[in-house]
J.: 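Please see the structure below; I have some questions.
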Amino acid sequence: WSLAAGRAPRARGELVLDRVVAEEHGLEVGSTVSYRGTRLDVVGLSRGTTAWMTPLAFATRATLNSLNRQPRTASFFLVRPRDGVAPAALAARIERAVPGVSALTRDEAAANDRRLYTDAFKGPLLAMVAIAFAVAILVIGLTVYGSTSERSREYATLKAIGLRNGPLLRLAGGQAAALALTGTVAGTLLAFAAVRAASALAPKYLIAVTVESVALIAIAALVMALVAAFLPARYLARLDPATAFRQ
């Protein structure tokens with residue numbers, strides 16, 4: 001996290017709030033809030049710490065222990081390895097030295113948090129993705145099929161002069177792949193524009209478009225293209241070369 005205004009908490013009763021949450025509730029640096037009957041002074045605002053259900057706030061450990069009525073406790077400790085010490089190796093050493101303690105690297109802890117927040121929505125999201133995948137295959141397939149049907153005489157001419165089904169099928173498959181990749185590029189650009197618009201209109205909804213997600217979409221688009229190419233492929237395989245000579 002990083003500060004957008006003010007300073008970090010240093011004493012008991014001091015609090016740093018996410019700036020989006022603070023704006024929603026009309027709070028700023030110098031405001032006072034009450035939590036569990038305790039007065040807390042807002043000494044700073046943070047950026048990059050908002051979320052739909054779990055915006056973050058920061059205070060000293062003494063403040064948190066007092067609010068939770070659990071003195072001298074901590075949920076976790078952050079440990080920085082010395083230069084030349086691998087985080088994974090240090091985590092393994094900690095687990096061997098301190099029984100009953102789980103030691104995780106930063107990446108492992110982040111992956112656990114992502115699973116915690118996404119597992120509740122995984123089922124509906126997978127259903128939506130499956131429906132979108134099926135619709136995309138149909139759209140690409142029907143588009144390629146329509147284009148192939150419109151140029152049936154051209155394909156029939158190619159078959160009449162000796163072009164076999166294999167090259168024709170590769171031609172239809174290439175057309176399907178080109179449509180899929182063009183759609184992927186256009187969709188990615190629209191996604192970036194939508195993310196910027198959503199961040200401006202509703203900043204508490206964090207949306208991340210990563211290189212990995214774009215690559216996954218491109219691979220999915222190619223798979224869609226291959227599946228969708230079966231529609232025109234069957235049409236081309238049955239196409240009569242004599243069609244080229246009919247009026």
Side-chain angles (χ1 to χ4, degrees), residues 1-121 195-213:
W1 63 290
S2 59
L3 282 171
R7 60 173 176 81
R10 293 194 292 261
R12 180 174 295 190
E14 293 183 344
L15 182 71
V16 168
L17 279 180
D18 175 77
R19 62 177 180 174
V20 176
V21 174
E23 183 178 353
E24 287 181 346
H25 295 278
L27 301 172
E28 57 187 12
V29 176
S31 298
T32 300
V33 298
S34 178
Y35 181 74
R36 293 185 177 179
T38 302
R39 169 176 166 159
L40 300 173
D41 298 321
V42 179
V43 298
L45 302 177
S46 60
R47 65 166 58 92
T49 51
T50 187
W52 173 37
M53 295 186 299
T54 55
L56 301 180
F58 300 88
T60 64
R61 182 182 172 192
T63 301
L64 294 176
N65 286 163
S66 176
L67 293 173
N68 294 328
R69 295 176 176 81
Q70 294 179 341
R72 301 178 62 81
T73 61
S75 301
F76 57 87
F77 291 95
L78 300 179
V79 180
R80 183 188 301 274
R82 292 178 178 174
D83 293 339
V85 178
L90 179 58
R93 288 169 54 188
I94 291 174
E95 288 193 339
R96 288 195 300 267
V98 187
V101 169
S102 297
L104 303 175
T105 64
R106 178 184 296 183
D107 291 339
E108 291 171 342
N112 285 345
D113 286 346
R114 282 194 295 269
R115 284 193 296 269
L116 175 65
Y117 293 123
T118 59
D119 280 353
F121 306 99
V195 167
R196 292 180 65 89
S199 298
L201 296 174
K204 68 179 179 179
Y205 296 101
L206 292 177
I207 305 173
V209 181
T210 63
V211 176
E212 291 81 3
S213 63

J.: Can you sort out the partners of Arg12 under salt bridge (charged side-chain N to carboxylate O under 4.0 Å, His left out), two or more places apart, ordered by chain and number?
T.: none

J.: Which pair of non-hydrogen atoms, one from Val21 and one from Pro55, has the smallest distance, and what is that distance?
T.: CG2-CB, 3.4 Å

J.: Listing request: all salt bridge (Lys or Arg N to Asp or Glu O under 4.0 Å) pairs with a residue in residues 26-52, at least two apart in sequence or in separate chains.
T.: Arg39-Asp41

J.: Would you say the side chain of Leu67 lies within less than 4.5 Å of the side chain of Thr38, judging by non-hydrogen atoms?
T.: yes

J.: How long is the gap from CD on Glu23 to OG1 on Thr50, to the nearest 0.5 Å?
T.: 10.5 Å

J.: Please report the shortest heavy-atom distance between Leu15 and Pro9, naming the atom on each side.
T.: N-CB, 4.4 Å

J.: Show me the donor-acceptor pairs, under 3.5 Å and distance only, between side chains in residues 70-93 and residues at least two apart or in other chains.
T.:
from: Thr73; atom 1: OG1; to: Asn65; atom 2: ND2; distance (Å): 3.4
from: Thr73; atom 1: OG1; to: Gln70; atom 2: O; distance (Å): 2.7

J.: Is it true that atom CZ of Arg7 has more than 12 heavy atoms of other residues, nucleotides or ligands lying nearer than 6.0 Å?
T.: yes

J.: Hey, could you give me the CD1/CG distance between Ile94 and Leu104, rounded to the nearest 0.5 Å?
T.: 10.0 Å

J.: Which atom pair, heavy atoms only, marks the closest approach of Val43 to Val29?
T.: O-CG1, 3.8 Å

J.: With a 3.5 Å distance limit and no angle check, can you tell me whether Thr63 reaches the backbone of Gly13 through a side-chain donor-acceptor pair?
T.: yes

J.: Nearest heavy-atom pair of Ala103 and Glu108: which atoms, and what distance?
T.: O-OE1, 4.3 Å

J.: Can you confirm whether Leu56 sits close enough to Asp18 that some side-chain heavy atom of one is under 4.5 Å from a side-chain heavy atom of the other?
T.: no

